[in-house]
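Since the structure comes first, as structure tokens, the remarks are kept for the end.
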Amino acid sequence: MALVTSTEMFKKAHAGGYAIGAFNVNNMEIIQGIVEAAKEEQSPLILQVSAGARKYANPIYLKKLVEAAVEDSNLDIVLHLDHGEDFEICKKCIDDGFTSVMIDGSRYPFEENIELTKKVVEYAHARGVVVEAELGKLAGIEDDVNVNAKDATFTDPDEAVEFVKRTGVDSLAIAIGTSHGAYKFKGDPRLDFERLEKITKLLPNTPLVLHGASTVLSEFVDLCNKYGGDIPGAKGVPENMISQAVKLGVCKVNIDTDLRLAMTAAVRKSIIENPTEFDPRKYLGPAREAIKDMVKHKIRNVVGSSNTL
Ligand code: TD4
Ligand code: CA
Ligand code: ZN
């Protein structure tokens, strides 16, 4: 088994009506928890690395840990750069053996986003690597937001068509109301499904990516708070909305915050309940287990990719 690109995974997912979970990795326990879950669920898997993760762990450690996971698990795994902010970091990751990179030019005007994305696509495709780009800005819809404000931040369906055509990008991250982190909505959660449907209809062969897809499950926020945490008012995207987005054509679902919450809840609980322990394995072990349980749940009940290998 090997590091693979997402091309075949997305094709199968599209045909099968499910999505692939993309989970962020920062250290050994996180990688092991996620990969063990995918193995038990017999699910395809994307592991993604942010610039922050590379800085935290040192890129070579993450690469070697993921290689170890491939060898140990016998799974095909996609190794993806999450939110590459410029050509240079994408090039570095491509040269380092990543099979997929994201170039996030969403903060630039349309034409500049296209130019930057094109440059990365050219470099990546020449080396057998696939590219995800982003169009639109991730932001929750405030209850009283008007149509004009939505149009200014959310992905415009016609622009999406032009963007994909002119860049040759392999997949596209869209903005329909999700955002990163544990505080996604001030009022009721809602996504612009109408917009998603339009984009899917216009781009039936382009895998769509949903960032900011964590649910912020209250069970884990409560556990954190119970054991000394202070995370008030956190709110994510309900899991049935993510499943709905998958039904409407989303192929890749990015989840990080829910893993952070599960891991932190487990560490807090174990440290508080075992005050005489000071062996890191005694809290990192349960943390790894919590990651695994969360990923199994997402694979099985949210993206629907169990038993598709
Ligand atoms: O792209 N992502 C993950 C973002 C991870 C950020 O990592 P750094 O702190 O190292 O920058 C997502 O879309 C995840 O969305 P979520 O809803 O889980 O926050
Ligand atoms: Ca962005
Ligand atoms: Zn993201």
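Please read all numbers here as calculations on a predicted model, not as lab measurements. Start at 1 and go down the list; that is how both ligands and their atoms are numbered.
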Report summary line: Residue, atom and distance of the protein heavy atom nearest atom 12 (C) of ligand 1 read His180 CD2, 3.2 Å

Query - Test item: Asn113 side-chain N/O and Tyr108 main-chain N/O as donor-acceptor pair under 3.5 Å - result: no

**Report entry** hydrophobic_cluster_shared for Val209 and Leu196, side chain cutoff 4.5 Å
**Finding:** no

**Report entry** Arg166: side chain to side chain donor-acceptor pair (under 3.5 Å) partners, not counting sequence neighbours
**Finding:** Glu111, Glu162

Report task. Among all protein heavy atoms, pick out the one at the shortest distance from atom 9 (O) of ligand 1; state its residue, atom name and that distance to 0.1 Å. Result -> Arg260 NH2, 2.9 Å

Requested in this report: Report, in ascending order of atom number, the atoms of ligand 1 lying under 4.0 Å from any heavy atom of Lys184.
Outcome: 16 (P), 17 (O), 19 (O)

Query raised in the report: What protein N, O or S atoms come within a distance below 2.8 Å of the Zn ion (ligand 3), ordered by chain and number?
Result: His83 NE2, His180 NE2, His211 ND1

Query raised in the report: Do Lys201 and Glu197 meet the salt-bridge criterion of a basic N to acidic O distance under 4.0 Å?
Result: no

Query - Atom indices of ligand 1 within 4.0 angstrom of His211 heavy atoms, with elements - result: 1 (O), 13 (O)

Query raised in the report: What residue and atom, counting heavy atoms only, is the protein's closest point to atom 13 (O) of ligand 1, and at what distance?
Result: Gly212 N, 2.8 Å

Report task. Not counting sequence neighbours, which residues clear side chain to side chain donor-acceptor pair (under 3.5 Å) with Asn24? List them please. Result -> Gln48, Asp82

Query raised in the report: Near His83, which atoms of ligand 1 are under 4.0 Å from a heavy atom of that residue?
Result: 1 (O)

Query raised in the report: Counting distance only, does the side-chain N/O of Arg268 pair as donor-acceptor with the main-chain N or O of Tyr227 below 3.5 Å?
Result: yes

Query raised in the report: side chain to side chain contact (heavy atoms under 4.5 Å, CB included) with Glu115: which residues, sequence neighbours excluded?
Result: Lys118

Query raised in the report: Do any N or O atoms from the side chain of Thr99 and from the backbone of Val78 form a donor-acceptor pair under 3.5 angstrom?
Result: no

Report task. Test His125 against Asp170 for side chain to side chain donor-acceptor pair (under 3.5 Å), laying out the working first. Result -> CA-CA 10 Å; His125 283 183; Asp170 300 281; 2.6 Å; yes

Report task. Please say which of Glu36, Glu40, His297 ends up in a side-chain hydrogen bond (donor to acceptor under 3.5 Å, both in side chains) with Lys292. Result -> Glu40

Query raised in the report: Counting each atom of ligand 1 from 1 as listed, which ones have a heavy atom of Ile255 under 4.0 Å away?
Result: 18 (O)

Query raised in the report: In the protein, which heavy atom is nearest to atom 5 (C) of ligand 1, and how far is it?
Result: Asp256 OD2, 3.4 Å

**Report entry** Check: Ile231 main-chain N/O paired with Asn225 side-chain donor or acceptor under 3.5 Å
**Finding:** yes

Requested in this report: Report the nearest protein non-hydrogen atom to atom 4 (C) of ligand 1: residue, atom name, distance rounded to 0.1 Å.
Outcome: Asp82 OD2, 3.5 Å

Query raised in the report: Can a non-hydrogen atom of Lys55 be found less than 4.0 Å from any atom of ligand 1?
Result: no

Query raised in the report: N/O to N/O below 3.5 Å, does that happen between Asp258 and ligand 1?
Result: no

Query raised in the report: Does the N or O separation between Thr257 and ligand 1 drop below 3.5 Å for any pair?
Result: yes

Query raised in the report: Step by step, would you call Ser305 with Ser43 a side chain to side chain donor-acceptor pair (under 3.5 Å)?
Result: CA-CA 6 Å; Ser305 64; Ser43 165; 2.7 Å; yes

**Report entry** Closest protein heavy atom to atom 10 (O) of ligand 1, given as residue, atom name and distance to 0.1 Å
**Finding:** Ser50 OG, 2.6 Å

Query - Contact partition for Ala51 relative to ligand 1, non-hydrogen atoms under 4.0 Å - result: neither

Query - Interatomic spacing from CG in Leu45 to OG in Ser6 - rounded to 0.5 Å - result: 12.0 Å

Query raised in the report: Going by the atom numbers of ligand 1, which of them fall below 4.0 Å from some non-hydrogen atom of Gly181?
Result: 19 (O)

